[in-house]
Amino acid sequence: MNKIDKLVLASASPRRRELLAQIGITPEIEPSTIEENITTDVPEEAVMELSRQKAEDVASRQQAGTYVIGADTVVAAGGEILGKPVSHEDAYRMISLIEGKTHQVYTGVTLVYCGGHRNKVRTFVEKTDVHLYPMSDGEIRTYADSGEPMDKAGAYGIQGKFAAFIKGIDGDYNNVVGLPVGRVYQEMKQMFKEDRE
């Protein structure tokens, strides 16, 4: 890939930063400050919309030659979008919905290349199916009352204590953590290629 003048991650998520670092990308962190506005209850569309809003908000303050990565992750179970829990009780409700079943994790990613005259934008969504073991009420309560679920979509972190309940996944593990970095890298490579053509 070509040298990037500046790469900005439009997210304060430490997990997304760690995933990018894992593939050798050290972004500047500049979280979006927009009020998130979802106009759909279709998970794929919702995450693409939010990732684009975040990326374009941050891109509007950048100089030419900057790449911005915006991302948004949701968990979907039984037709309901599960964002971050607002309380431990909400975390308990969400985990009760997904335990013993299969649910989907969607991450929408928007890449914005800030050009001199206009920006190039590429948005995509990655889906992973996550299969869970059944959990007892006590296990749900103990996990929901811990600090771990509070800043995570669907009220759990696959890379934390909740790993005890993961039966298996179909798709990209990193997507469940918060960013499908393999796909991000490939899409960026494609954007660079198009830039040179």
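Applying the side chain to side chain contact (heavy atoms under 4.5 Å, CB included) criterion to T107, with sequence neighbours excluded, gives A71, T73, V109, N175, P180.
Although no hydrogens or angles enter the test, the distance criterion places a donor-acceptor pair under 3.5 Å between the side chain of H88 and the main chain of A144. Side-chain atoms of T66 come within 3.5 Å of backbone N or O of Q63 as a donor-acceptor pair. Put simply, the side chain of E56 never gets that close to the backbone of Q53: no donor and acceptor are under 3.5 Å apart. Without hydrogens or angle criteria, E80 side chain to A76 main chain gives no donor-acceptor distance under 3.5 Å.
Side-chain atoms of T40 and E49 include no donor-acceptor pair closer than 3.5 Å. Side-chain atoms of D129 and H103 form no donor-acceptor pair, as typed in the model, at a separation below 3.5 Å. Under the 3.5 Å distance criterion, with hydrogens and angles disregarded, a donor-acceptor pair is assigned to the side chains of E148 and Y143.
Listed here is the closest heavy atom pair of A91 and P149: CB-CB, 4.1 Å. The two atoms that bring V75 and A153 nearest to each other are CG2-O, 3.5 Å, heavy atoms only. For F162 against I95, the heavy-atom pair with the smallest separation is CE1-CG2, 4.1 Å. Nearest heavy atom pair, residue L82 against residue A77, reads CD1-CB, 4.2 Å. The two residues M191 and Y67 make their nearest non-hydrogen contact at CB-OH, 3.9 Å. Contact between L20 and V181 at its shortest, heavy atoms only, is N-CG1, 4.0 Å.
Transitive grouping of hydrophobic side chains (ILVMFWY, heavy atoms separated by less than 4.5 Å) keeps V125 and L179 in distinct clusters.
Between R52 and D57 there is no salt bridge, since no side-chain N of the basic residue sits under 4.0 Å from a carboxylate O of the acidic one. A salt bridge is defined here as a Lys NZ or Arg NE, NH1 or NH2 lying under 4.0 Å from an Asp or Glu carboxylate O, and R17 with E28 fails to meet this definition. In summary, E89 and R141 engage in a salt bridge, as defined by a charged side-chain N under 4.0 Å from a carboxylate O. Between R183 and D172 there is no salt bridge, since no side-chain nitrogen of the basic residue lies less than 4.0 Å from a carboxylate oxygen of the acidic one.
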For side chain to side chain contact (heavy atoms under 4.5 Å, CB included), just list the numbers for L111 and V68, CA-CA rounded to whole Å, side-chain angles, deciding distance to a tenth of an Å, and then say yes or no.
CA-CA 6 Å; L111 305 171; V68 177; over 6 Å; no

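The environment of K161 atom NZ is sparse: at most 12 non-hydrogen atoms of other residues, nucleotides or ligands sit within 6.0 angstrom.
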